[in-house]
Structures are given as C-alpha cells and as structure tokens.
2 protein chains.
Amino acid sequence: MRKESSANTLNRNKISNNCGMAYTLDVIGGRWKPTILWSLLNGKLRYSELKKSIPDVSERILVLQLRELEKDGLINRLVYAEVPPRVEYELTKDGASLQPMLQIISEWGDIHRPKKTKD
Amino acid sequence: MRKESSANTLNRNKISNNCGMAYTLDVIGGRWKPTILWSLLNGKLRYSELKKSIPDVSERILVLQLRELEKDGLINRLVYAEVPPRVEYELTKDGASLQPMLQIISEWGDIHRPKKTKD
DNA sequence: TAGAGTACTGACAAAAATGTAAGTAATGAG
DNA sequence: CTCATTACTTACATTTTTGTCAGTACTCTA
C-alpha cells in the first residue's frame, strides 16, 4: 500500500533497468562512493579508518553511503563482537571487479579536467 | 559578493578538483546524460530527434542536461539560422573520447545488474 | 562512579536535482 | 489571418540528496 513512486524515481528505475550504464552510475554515483571504493581497493578498513581517510564526510552520510554500497553488493560489512565495537568494510567480489573501470574513469577525469592555474 | 557556496557544493568541488574519478562522474552523472551521450555516439542529432529518442525526459530537463554537457565541453550545439529553427547536437572530441569508457561502464552494469525474473 | 573508545542513530534543515504545465518567437503555408 | 513547426523558456512544485548536531549503547579502566 506504500506509495510506489514519483515520476522522478520511476524514471530513475526505468533507466537503470534498461541501461547498464545508468545502473552502474547509479550504484557508484553517490557523492562519497567513489572515494570510499577507492579507499577499499587496497584492502579492508575499519569504520574509523574510513572516516579518517575521508575527513570531509559527515558520519551520517558516510554511513548512508556505506549502507547503499552494501545493499548493492559492492562491499561487505564485517562486525566483530568486541568491546569497543569493531566493524570492517571490504569490497565484495563484485566491488573488486570495479577496479579496472574505476581506473579508466579516473584517468579520463585526470586528463580532461580543466587545469587549475594556481592554488 | 555572491554567496560562494554551501558545504554541499564546497564538498562537490573539492572532490572533483582532487579526484579524476569524481570529476568524470560529475560531468556524465546527470539523470539523462548517459542516454544523451549514448545517442550521440552514432552522429549528430537535432533537438527534436533527441527528444524522440528519449521520450521520458521533459523538455526542461533535456535542455538543462544539454546545456551542462555543452558547458563541460562534451557536446557542441550547432544552430542553423533557418525557419523553423534547426539545432543539432554533436559530440566534441572530448565527448567522443568517452566512448571506450562508456562502453566499459555499460558492460559492467549489464553484467552486474540484478536480473529481472519477469516483466 | 566517571570517563574513554567505537560505531553508529535520530531529528531536523538546507540545497540540489528533477518534474509539470503552460507559454514564446519567428515565419511560411493555406 | 490562422495555424503548424521548432526549439526552447518561465514559474512553480516536488523529490532526493546532502549536511548539522546532539545523543546512544556497550564495556573496560582508573
């Protein structure tokens, strides 16, 4: 009985379902997701380590983005029953399979991004 | 004297300036941009042809996305002084250079997108 | 009993992205 | 004079994303 969707969401889903490109951009397209994925390419990290390596993100958003990446099957959340708590994040197989693509996306950006003249 | 920016925009710009990946996702990341770019890979199209090939997008948004792609140097807008007006859009050199990347993004999505069971 | 440490959560607010619907300018055809 | 055609624009509304800030649960240590 829940509201199925706005035109906005309907469009998003329709495109994602019909276009691999849109689907991919959907799952890696959050503000901090590329940075998170990039950080995890070298191995798993604790929540606190992620936070330290991405100082500008607020905790709420960081958690949101991690949850979405988890839901989309790109990362695993490993909880250890310890005190104080320990939670580690790592790429799944699907997540790791992004690497070559991320590399190429990154290179295209580095080449085509307008050059800064100073600062 | 203008408002420089919200934390939101500041973060966006900071990331884009430091990370090629984020920059790329920024310029191709609008709702309809991948579809537009994809459509233009085969050659230039008139505004009305684009609209026909992307029936779900509203005119306002289509124009917005085209303007952004133009601003970011991915497409050219060719205006012919005719009546009724004729405007064609084509990829720039930079825009065309996206092709291999888009291909890879698309393939990743096609492989990893959850399969639909029906419909 | 009072912190310290970790990984969050919740209420709220602001900003950005997207969408709807109607209107515009110019001119040639009828 | 009216209508069709094309490529938009404008005013407005809604939805989604991102951000701020304070608080929580759990235990070990001092």
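Basis for what follows: all heavy atoms, side chains included, without hydrogens, waters or symmetry-related copies. To find a chain, count down the sequence lines: A is the first, B the second, and so on, and within it residues start at 1.
Separating the CZ atom of Arg86(B) from the P atom of dT27(C) is a distance of 17 Å, rounded to the nearest angstrom. For Arg67(A) and dG10(C), the CZ to P distance is 11 Å, given to the nearest whole Å. Atoms CG (Leu62(A)) and P (dG10(C)) sit 16 Å apart, rounded to a whole Å. The distance between atom CD1 of Ile54(A) and atom C1' of dT18(D), rounded to the nearest whole Å, is 15 Å. As rounded to whole Å, 15 Å separates atom P of dA14(C) from atom CD1 of Ile61(A). Distance NZ (Lys51(A)) to P (dT6(C)): 8 Å, rounded to an integer number of Å. Taking atom CG on Leu25(A) and atom C1' on dA17(C), their separation rounds to 16 Å, with Å as the unit. Distance Glu82(A) CD to dA25(D) C1': 16 Å, rounded to the nearest Å.
Ile104(A) and Leu41(A) fall within a single hydrophobic cluster, where Ile, Leu, Val, Met, Phe, Trp and Tyr side chains are chained together by heavy-atom contacts under 4.5 Å.
Side-chain nitrogen and oxygen atoms of Gln65(A) include none within less than 4.0 Å of the OP1 or OP2 phosphate oxygen of dT17(D). Not one side-chain nitrogen or oxygen of Tyr47(A) sits closer than 4.0 Å to the OP1 or OP2 atom of dG5(C). A sub-4.0 Å separation between OP1 or OP2 of dC26(D) and a side-chain N or O of Tyr80(A) is absent. In this structure, Arg12(A) does not reach the dT15(D) phosphate: none of its side-chain N or O atoms is under 4.0 Å from OP1 or OP2.
Checked against dC8(C), dA7(D), dT15(D), the side chain of Asn8(A) finds its nearest nucleotide in dT15(D). The side chain of Ser58(B) has dT20(C) as its nearest neighbour among dT20(C), dG19(D), dA7(C). Candidate nucleotides dC8(C), dG19(D), dT27(D) were compared by shortest atom distance to the side chain of Val83(A), and dT27(D) ranks first. Across dC8(C), dT9(D), dT18(C), the shortest atom-to-atom separation from the side chain of Val63(B) is found for dT9(D). Ranking dG19(D), dC8(D), dA7(D) by closeness to the Glu59(B) side chain, first place goes to dC8(D). With dT6(C), dG19(C), dA15(C) as the choices, the nucleotide that has an atom nearest any side-chain atom of Pro85(A) turns out to be dT6(C). Checking dT20(C), dA7(C), dG19(D) against every side-chain atom of Ser48(A), the shortest atom distance belongs to dA7(C).
Pairing each heavy atom of Leu50(A) with each of Ser39(A), the nearest pair is CD2-CB, 4.1 Å. Across every non-hydrogen atom of Lys33(B) and Val27(B), the tightest pair is CD-O, 3.3 Å. For the residue pair His112(B) and Asp94(A), the shortest heavy atom distance occurs at CD2-OD1, 3.2 Å. The minimum heavy-atom distance linking Tyr89(B) with Leu40(B) is given by the pair O-CD2, 3.4 Å. Pro100(A) and Ser97(A) make their closest contact through CD-O, 3.5 Å (heavy atoms, listed as atom of the first residue, atom of the second, distance).
Across the interface with DNA chain C, nearest-nucleotide mapping of Asn11(A) and Pro84(B) shows Asn11(A) to be the residue nearer the 5′ end. The residue among Ala7(B) and Ala7(A) whose nearest nucleotide of DNA chain D lies closer to the 5′ end is Ala7(A).
Side-chain atoms of Arg60(B) come within donor-acceptor range of the base of dT20(C), with a qualifying N/O pair under 3.5 Å.
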